[in-house]
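Hydrogens, waters and symmetry mates play no part in the numbers below; they use all other heavy atoms, side chains included. Numbered from 1 within each chain, the chains take letters A, B, ... in sequence-line order. Everything numeric in this text was worked out from a predicted model, so none of it was measured.
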Amino acid sequence: MIPFFSPQDEITFVISFIIGIAFGFILEQAGFSSSRKLAGVFYGYDFVVVRVFFTAAITTMLGLIFLNYFGYLNFSDIFINSTYIWATAVGGAIMGLGFIIGGFCPGTSVCALAIGKIDAMVFVAGIFIGAFIFGEAYPIFKDIYIEGNLGRILIYDTLGISQGTFAFSMILIALIMFWGSYFIQKKISKKEMKY
Amino acid sequence: MKKYIYISFLTFTFAIIVAFLPKQNTKKELSPEEFLSKINKLAKSIIEKDPNIFLIDLREKEEFDKFSLSNAVNIPLKDLLKIDNLDYLEQENKKIVFYSNGTTYSNQAWTIATRLNYKNLYVLKGGLNNWKKTILEPEYPKENADFKEFDLYEFRMGASQYFTGSGEKEKAKRKKKKVIKKRKKKEVEGGC
Amino acid sequence: MKEKKYMNPYLAGFLLGLIMLSAFVLTGSGLGASGAMKRSVISCVDKISHEHTSNSEFYSKYTNKETHPMKNKLVFLVFGVLIGGFISGAVSNRLKLKIEHSPKITSKTRIIMASIGGILFGIGSQIGRGCTSGAALSGMATLSTAGFISMISIFGTGYLLAYFFKKFWI
């Protein structure tokens, strides 16, 4: 039954390592090792983040839904992150600020570090310092960290619609975004600089 | 460009398929029934002293003292939310299985603990009553049943012995029947 | 040798999706990066002063266990990312020590910005229980509410503040 290996198995570490290699390879191949390419999503000159991000999310989502439908996988057996509404929102906002200032996120920074980007090395060091600050100042963050726990809730239950309707809308929105990004990028790169 | 239009259509088709997937399959993610552990698997785990299983007996202490599954911890349902007891639910990498006589208590405990965001919780399907019936007094499968059921029976008999220490009487009967099973198997093999 | 072009983003996304799906199928959880960094920090702090970690409410959750905080699959995953990124860079001739920045700013400014961004991401990913890959991407794939809130929050803030940081990028 899925998942094939439990988290404490030694083999899981090997598999995770291999998955990590594939993950890093694809991230780098997609251009996620360039902070200017990543930041481009916020200025409309490069939509690679949105495209990769949503294509990946939809692929996995469809895969999980179909595996679930055919009875190979149970959503309760896989890790679904708990919703701590305030922690997630505030943490996300801080990360958003970090993204626009630093130009990476943790996964992409590791990837950029691997190909020798010095700014990525500094960024990774920053993440370590940030995590250390959080650990040391945990009593300050604790309230927001543990407040508003809604458990492992799913988005379509929150919105009160069926899974199918939600998945359909998400794919539709993604397609609109993909085509929209195509036209916006065409317009902007015609008007402005080539970086 | 043309390529993207094709891919868009393909993706859209998937979207429509997903939108119309029947509901009963999508609903099961959240229903507690889905979390019920398979009874035979559990018995096997207990016999093999699987360290990944943590049993919690939700009945009162008197009942627990009379009969309980091995390695189980007794936490009556009303005491579940005491701080000391909540610590038991914090089992990283272990499956926590609730059980009581029926399933009412265990389902309640499951719901409460799940709301509190504890992970890896299971309920013993059918409770101890069903456990006694299927594991301790298993029914002999019909002559024409397939091998799987025979295996299951064998296993349950073994399990029964393990839990009660009895079953000597049954042994002879089982051996005799086993011959039939083997013969049957040969026939099938020849047929193939 | 010339750098090779980047992969088509949709193809990359599709492949990434398949990798994430196999992560779910094989190990039961998606991708993530910040967890590994958190665990590295914790084990470092633990090395320096075990007393300190045992007394801390946050650290003790990870250090007072039988298993070492680094013995986690996310740590291995990030080591994999490091190697995978390196292989990809080698294949596409992109291995080069450099600081990438907009022509309008100096390397020094970029380094300062990167470190501030990193620290913010470090704090933010701990509060938000995961980063872009762990919380937002894997969360969205499993349709968890947290994933969507995280995604909207990260990109929403990014878009809101993009204007103020324009000169750092273009």
Part of [X] within contact of chain C (heavy atom distance under 4.5 Å):
X         : result
Phe17(A)  : both
Tyr84(A)  : side chain
Ile153(A) : both
Thr108(A) : neither
Ala93(A)  : both
Leu113(A) : side chain
Ile133(A) : side chain

Please state whether the side chain, the backbone, both or neither of [X] comes within less than 4.5 Å of a heavy atom of chain A.
X         : value
Leu18(C)  : both
His101(C) : backbone
Phe79(C)  : both
Ser115(C) : both
Ala36(C)  : neither
Phe148(C) : side chain
Val45(C)  : side chain
Ser138(C) : neither

So, for [X] and [Y], is the gap between ring centers shorter than 6.0 Å?
X         : Y         : value
Phe141(A) : Phe134(A) : yes
Phe155(C) : Phe53(A)  : yes
Tyr145(A) : Tyr138(A) : yes
Phe58(C)  : Tyr62(C)  : yes

Which one of [options] has the most heavy-atom pairs closer than 4.5 Å to chain A?
options                                   : value
Ser34(C), Ser150(C), Ala136(C), Ser144(C) : Ser144(C)
Leu11(C), Thr145(C), Val75(C), Leu82(C)   : Thr145(C)
Leu95(C), Leu160(C), Ile152(C)            : Leu95(C)
Ile99(C), Asn8(C), Leu74(C)               : Ile99(C)
Tyr6(C), Phe14(C), Phe86(C), Phe121(C)    : Phe121(C)
Met140(C), Met7(C), Met151(C), Gln126(C)  : Gln126(C)

Selection from [options] maximising heavy-atom pairs under 4.5 Å formed with chain C:
options                                  : result
Val41(A), Leu150(A), Val50(A), Leu159(A) : Val41(A)
Ala39(A), Gly20(A), Gly98(A), Gly91(A)   : Gly20(A)
Gly103(A), Ala167(A), Gly135(A)          : Gly135(A)
Phe32(A), Phe104(A), Trp86(A)            : Phe104(A)
Met95(A), Met61(A), Met170(A)            : Met95(A)
Ser33(A), Ala56(A), Gly40(A)             : Ala56(A)

Is it the case that the side chains of [Y] and [X] hold a donor-acceptor pair, with the cut-off being a distance below 3.5 Å and no angle test?
X         : Y         : value
Ser54(C)  : Ser60(C)  : no
Tyr69(A)  : Gln163(A) : no
Thr53(C)  : Ser56(C)  : no
Thr165(A) : Ser162(A) : yes
Lys38(C)  : Ser125(C) : no
Arg110(C) : Ser35(A)  : yes

Original post:
Would you call Arg36(A)-Glu100(C) a salt bridge at under 4.0 Å N-O?
Top reply: no
Original post:
More than 12 non-hydrogen atoms from neighbouring residues, nucleotides or ligands closer than 6.0 Å to CZ on Phe166(A), yes or no?
Top reply: yes
Subject >> Arg51(A) charged N/C atom sitting above Phe178(A) aromatic ring, 6.0 Å / 45° >> reply: no
Original post:
Does the salt bridge (Lys or Arg N to Asp or Glu O under 4.0 Å) test come out yes or no for Glu10(A) and Lys71(C), once each step is laid out?
Top reply: CA-CA 9 Å; Glu10(A) 302 280 317; Lys71(C) 216 177 156 208; 3.3 Å; yes
**OP:** Quick one: sort the Trp179(A) and Tyr182(A) rings into parallel, tilted or perpendicular, breaks at 30° and 60°.
**Re:** perpendicular
Original post:
Hey, what do you get for CD1 (Ile129(A)) to CG (Leu120(C)), rounding to the nearest 0.5 Å?
Top reply: 11.5 Å
